[in-house]
There are 2 protein chains.
Amino acid sequence: MQLSTLCLGLLLAEPMTGYALKGKVIGTLGHFQHASFGALYPALGSLEAGRFVTSDRSGSTGLGKRLYAITESGRGEFTERLAEVSAAENFRSDFLSALYFADQLALDDIERLIDERLANHRAERRRLLALPIASMTEGQRFTVRYALSMRNAAIEFLHGEGRASVAVIRHERY
Amino acid sequence: MQLSTLCLGLLLAEPMTGYALKGKVIGTLGHFQHASFGALYPALGSLEAGRFVTSDRSGSTGLGKRLYAITESGRGEFTERLAEVSAAENFRSDFLSALYFADQLALDDIERLIDERLANHRAERRRLLALPIASMTEGQRFTVRYALSMRNAAIEFLHGEGRASVAVIRHERY
DNA sequence: GTGCGTTATATCGATCCGATAAAATTATAT
DNA sequence: ATATAATTTTATCGGATCGATATAACGCAC
């Protein structure tokens, strides 16, 4: 899903600044989406050019606050785009890329990578468990449970097989 | 990991055409990496400009075959880049993006998305199980098992909760 | 020799990103 | 009330990636 579509969807609930939109994506949708300022402001600019959002700068000067709000035609555009979204997912892993070439890596580096990956999964699981489930729709809760099931599996796998795999790699080497 | 680094790593084993390199990424590393021609040929071009690879066009004409081979300084460059790789992962899901806004989606569309996601996970699990494990290093097998654990978790989750979630969404709506 | 399917190279406009820069607003301390 | 610090906010750049599209070389069957 393009970032511009995501912005439209989030603006359905309430007008927001660009900075708040980014915070919302990272804080509430971060288990399956991302946003950077480098992409966000151009996306908002093109939504505004297409009259799907407006931006209100009253009450601020220069590069001050701009509240973005969705328009009626923006609502329609979001509905159309949402109906056409596929079930696609996209996963990239520097961690697995490195492990794929484990025979070229120092054993210490391999252990460090596994520890770092495990720590990252645990942190993200904590973050997911801390989300305010009570005020979410079922669709939103579904995304959290789905992401949790995958994080749990990765944690269980790394915790159970991480050390053993390093031992096999060591054995393969000597 | 940048695609150019991946190319260096794959060329350690044997020289390959650009087309074969893409096939190798998609076929053997597809559970954690991707490559497109749009990125691959420019990456090979910049590796050649940096003298990390050479390309041999003898035996072909015009836009004919080019065999890319890693150089000695390419091997060194790969070793340096590999040592600096982090444990980062990056996950994006149009599927979860759509489900996040499930209250704006037709129930039929929600069911279709879940079915499509489940089918995709099953197909990828079959592909992973069909990989030639016997001729892989332990690091390579590790990547397959890790990816399998996550696909299994997603399949179990969708199979177990998919229908129930649609029922809750239906109930929330009426 | 011809035709077809596969292999192969290549590029474009669009989207995204991390890094960086600058400035406005808000909060806090005095 | 004022000054300072922290947070919020906008913005852009060069670089990487992508899907789509175009073109052509190669290999194989007949």
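So that the names make sense, note that chain A is the first sequence line, chain B the second, and so on, each numbered from 1.
Near DNA chain D, meaning a heavy atom under 4.0 Å away, the residues from residues 11-39 of chain A are A/Thr17, A/Gly18, A/Tyr19, A/Phe37, A/Gly38.
Listed pair A/Arg57 / C/dA24 fails the phosphate criterion, with no side-chain N or O lying under 4.0 Å from OP1 or OP2. Contact annotation: A/Arg92 does not reach the phosphate of C/dC17 (side-chain N/O to OP1 or OP2, under 4.0 Å). Neither OP1 nor OP2 of C/dA24 sits under 4.0 Å from any side-chain N or O of A/Lys65.
Side chain of B/Glu138 to backbone of A/Val168: no donor-acceptor contact under 3.5 angstrom is found. Proximity of a side-chain donor or acceptor of B/Arg92 to a complementary backbone N or O of A/Asn90 within less than 3.5 Å is not detected. Checking side-chain atoms of B/Arg170 against main-chain N and O of B/Leu107 turns up no donor-acceptor pair under 3.5 Å.
Atom NZ of B/Lys24 has 12 or fewer heavy atoms from other residues, nucleotides or ligands within 6.0 Å. Residue A/Glu156 qualifies as open at atom CD: its count of foreign heavy atoms under 6.0 Å is 12 or below.
A/Arg66 places its CZ atom 7 Å from the P atom of D/dT10, with the value rounded to the nearest Å. The interatomic distance linking B/Leu47 (CG) with D/dA16 (P) rounds to 11 Å, in whole Å. When the C1' atom of C/dA10 is taken as reference, atom CG of B/Leu40 falls 11 Å away, rounded to whole Å. Look at OH on A/Tyr41: it is 15 Å from P on C/dG18, rounded to the nearest Å. What separates CG of B/Leu6 from C1' of D/dA16 is a distance of 14 Å, to the nearest Å. Distance, A/Gln2 CD to D/dG19 C1': 13 Å, rounded to whole Å. Counting to the nearest Å, the P atom of D/dT9 and the OH atom of A/Tyr68 are 12 Å from each other.
Out of D/dG27, D/dA11, D/dT12, the shortest distance to the side chain of A/Pro42 is found at D/dT12.
Within the helix from C/dG1-D/dC30 to C/dT30-D/dA1, the inter-axis angle between the opening and closing five-pair segments is 20°, rounded to 10°.
Residue pairs that meet the salt bridge (Lys or Arg N to Asp or Glu O under 4.0 Å) test with at least one member in residues 41-57 of chain B, sequence neighbours left out, are B/Glu48-B/Arg66.
Under the 4.0 Å criterion applied to side-chain N and carboxylate O atoms, B/Arg112 and B/Asp109 are assigned as salt-bridge partners.
If B/Asn90 and B/Gly64 are placed on DNA chain C by their nearest nucleotide, the residue sitting closer to the 5' end is B/Gly64.
Taking the six-membered ring for Trp, B/Phe142 and A/Phe157 have ring centres closer than 6.0 Å.
Each of B/Arg122, B/Arg117, B/Glu124, B/Glu116 was scored for a side-chain hydrogen bond (donor to acceptor under 3.5 Å, both in side chains) with B/Asn120, with one residue passing: B/Arg117.
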